[in-house]
Number of protein chains: 2
Amino acid sequence: MAQLRARPMVVEAVRTTAPCAGCEARPFSVCNALDLRDIERLSSLAVIISVDAGRTFIEEGDPAEFFFNVTAGTAKLFKLLPDGRRQITGFASMGTFLGLAVSSTYAFGAEAVEPMHICRFSRTRLRVVLDEFPAMEKRLLEVASNELVAAQEQMLLLGRKTARERLASFLVSRAAALPAQDTLLADSPAPIDRHGPLRVSLPMTRSDIADYLGLTIETVSRTLTRFKTERLIEIPSASEILIRDLALLAGLSTGMR
Amino acid sequence: MAQLRARPMVVEAVRTTAPCAGCEARPFSVCNALDLRDIERLSSLAVIISVDAGRTFIEEGDPAEFFFNVTAGTAKLFKLLPDGRRQITGFASMGTFLGLAVSSTYAFGAEAVEPMHICRFSRTRLRVVLDEFPAMEKRLLEVASNELVAAQEQMLLLGRKTARERLASFLVSRAAALPAQDTLLADSPAPIDRHGPLRVSLPMTRSDIADYLGLTIETVSRTLTRFKTERLIEIPSASEILIRDLALLAGLSTGMR
DNA sequence: CGGAGAGGTTGATCTGCATCAAGGCAGGAA
DNA sequence: TTCCTGCCTTGATGCAGATCAACCTCTCCG
């Protein structure tokens, strides 16, 4: 259970001032609450940074100087125990807003699992702007509320579900998040109850999945293999899963058998 | 792991329109963001209800018609799996605001563990008022952010801590929450690092504690007994714990030994 | 092309906590 | 008082998932 991990240093490549107006992530993010004129104002505060895969860009306990908005790539958010045990509390992808804590230090760390682009704001300066734009503050409250609901769902998973149910839940939630990731054209309201095969990408390692689900690498691997032999999924490559019957998997995730 | 539970009906005793001005819970709640004039306005929307111990007043999945503000007593918030497994996601006491979800249905259930007084607002009507009082909306964002941090801490507990560490964490967090509960006089910033004995009350049952920590009743009982034999705590009664060395317990809660 | 290293899979064994089982204890009703 | 009834404790046993240990399979780089 206890495994120590290296702590990569926080280094970032600052790129340029942000062109919010043409931002691809805007439709998915809190920034969308503003109209074009206000976006201009926001733009002046934002700095876009690039983060390499494996790079830690938020260190738990460090002074919380910035807010972040993910515009490309995926990060894992995590908390550590002194002996190195790790709990991943979530994955952040395009449109995710980070750094909501009221405290003056970050309550969690964040590390890129894929190369990322991140929009960075000074906390103090964004706070001033937020007072001018109540629409954005309202949007942030919505985001926080949704994350709270997701967090409660994850507590149910971690506290009461079996390994099988955890993996099933994970795959189903990945599948549910899909349309926001690739179907930019269709404006359909998320085909969650689809039956046909569904391709899910897993940019994170088995170790990350294990630390997210409160399991070990071995149990994750074994359980996925078992799903495969049961014809619930296919595993074309380690980072890609094909769901053959989403409804069945969804049932499994809540303990139906 | 699977135990079915009875589902008590939702019945509430409506009392009267709320006198927010003299509300004892106000210093602890979001309402404190408003000045006396605005409080008057808020008062007109609030209805105070009494809830008996054991009564469910929020049913998971029901239409989310109300916001709630706890003014007295304690509630457990929980999510259920179809087979009856339960995860308690938190306890709500004086000052706690409930019902933040954006969704149109409640994402969790709530049941009183002690007799309660609750301040109830119509969601739609409060929303209108919130637009007028950005200070309160801002306060809600703070509350949500803090709960998010607490939720992440709980995920770490549920995903990665041992039974001993979970119980230690639970007792320590109960002790940390103490000053807000009984020390109204002193304005000290929470004596978390105290060493002397510290009295903690546990209004919830062992079953509730188990469902909050992702354990069984038996493990909770055994672990507390072990703490007692190790002279870390005393147990004058089942609903009361005396912490003999908070610092030691706090160390235990993060895996130090 | 080969070799190294990181990540993934599979098998054998162990163990912390769950499950099953039996009392104990305190408070309320008759 | 005695008898419930709900909650808690304690003991014996079982098992899901952790741990320990190979081995496989990529991918990258010389």
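All chains are named by letter (A, B, ...) in the order of the sequence lines, taking the proteins before the strands, and each is independently numbered beginning at 1.
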Whole angstroms only, please: what is the [atom1]-[atom2] distance between [X] and [N]?
X      : N      : atom1 : atom2 : answer
B/L202 : D/dC8  : CG    : C1'   : 13 Å
A/K161 : D/dA16 : NZ    : P     : 19 Å
B/R164 : C/dC17 : CZ    : P     : 10 Å
A/D211 : D/dA18 : CG    : P     : 11 Å
A/R226 : C/dT9  : CZ    : C1'   : 16 Å
B/I233 : D/dT9  : CD1   : C1'   : 14 Å
B/L167 : C/dG16 : CG    : C1'   : 14 Å
B/L224 : D/dT10 : CG    : P     : 10 Å

> Which nucleotide in the set C/dC20, D/dA21, C/dC17 lies at the smallest distance from any side-chain heavy atom of B/L215?
Replying inline: C/dC17
> From the list D/dA18, D/dC20, C/dC17, which nucleotide is the closest neighbour of the side chain of B/T219?
Replying inline: C/dC17
> In terms of the nearest nucleotide of DNA chain D, which residue is placed more toward the 5' end: A/E218 or A/A163?
Replying inline: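 Upstream on the strand: A/A163.
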> In terms of ring plane angle, is the pair A/F57 and A/F68 parallel, tilted or perpendicular, where the classes change at 30° and 60°?
Replying inline: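 Rings of A/F57 and A/F68: perpendicular, over 60°.
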> Between A/E114 and A/S93, is any pair of side-chain heavy atoms under 4.5 Å apart?
Replying inline: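 Side-chain contact under 4.5 Å: no.
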>> So, does A/T216 get its side chain near the phosphate of D/dA18, meaning an N or O under 4.0 Å from OP1 or OP2?
In response: yes
> At under 4.0 Å, does any side-chain N or O of A/T225 touch on OP1 or OP2 of C/dT10?
Replying inline: yes
> Pairs in or reaching into residues 225-237 of chain B: which pass salt bridge (charged side-chain N to carboxylate O under 4.0 Å, His left out), with residues at least two apart or in two chains?
Replying inline: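 Of all non-adjacent pairs touching residues 225-237 of chain B, those that pass salt bridge (charged side-chain N to carboxylate O under 4.0 Å, His left out) are B/R164-B/E230, B/R226-B/E230, B/E234-B/R244.
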Check nucleotides 4-8 of chain C for protein N or O atoms closer than 3.5 Å to its own N or O atoms and list the pairs.
from	atom 1	to	atom 2	distance (Å)
C/dG8	OP2	A/R206	N	2.9

>> Which residues pass the side-chain contact (heavy atoms from CB on, under 4.5 Å) test with A/A151, not counting sequence neighbours?
In response: B/A151, B/M155
> In chain order, what residues pass the side-chain contact (heavy atoms from CB on, under 4.5 Å) check against B/A25, with sequence neighbours excluded?
Replying inline: B/C23, B/T71, B/M94
> Is a donor-acceptor contact shorter than 3.5 angstrom present between the side chain of A/R222 and the base of C/dG11?
Replying inline: yes
> For residues 207-257 of chain A, which residue pairs qualify under ring-ring contact (aromatic ring centres under 6.0 Å, His included), counting only residues two or more places apart or in two chains?
Replying inline: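 Pairs touching residues 207-257 of chain A that pass the test: A/F91-A/Y212, A/F170-A/Y212.
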Review item, side-chain donor-acceptor pairs of residues 249-257 of chain B, under 3.5 Å, at least two apart:
from	atom 1	to	atom 2	distance (Å)
B/S253	OG	B/A250	O	2.6
B/T254	OG1	B/G251	O	3.2

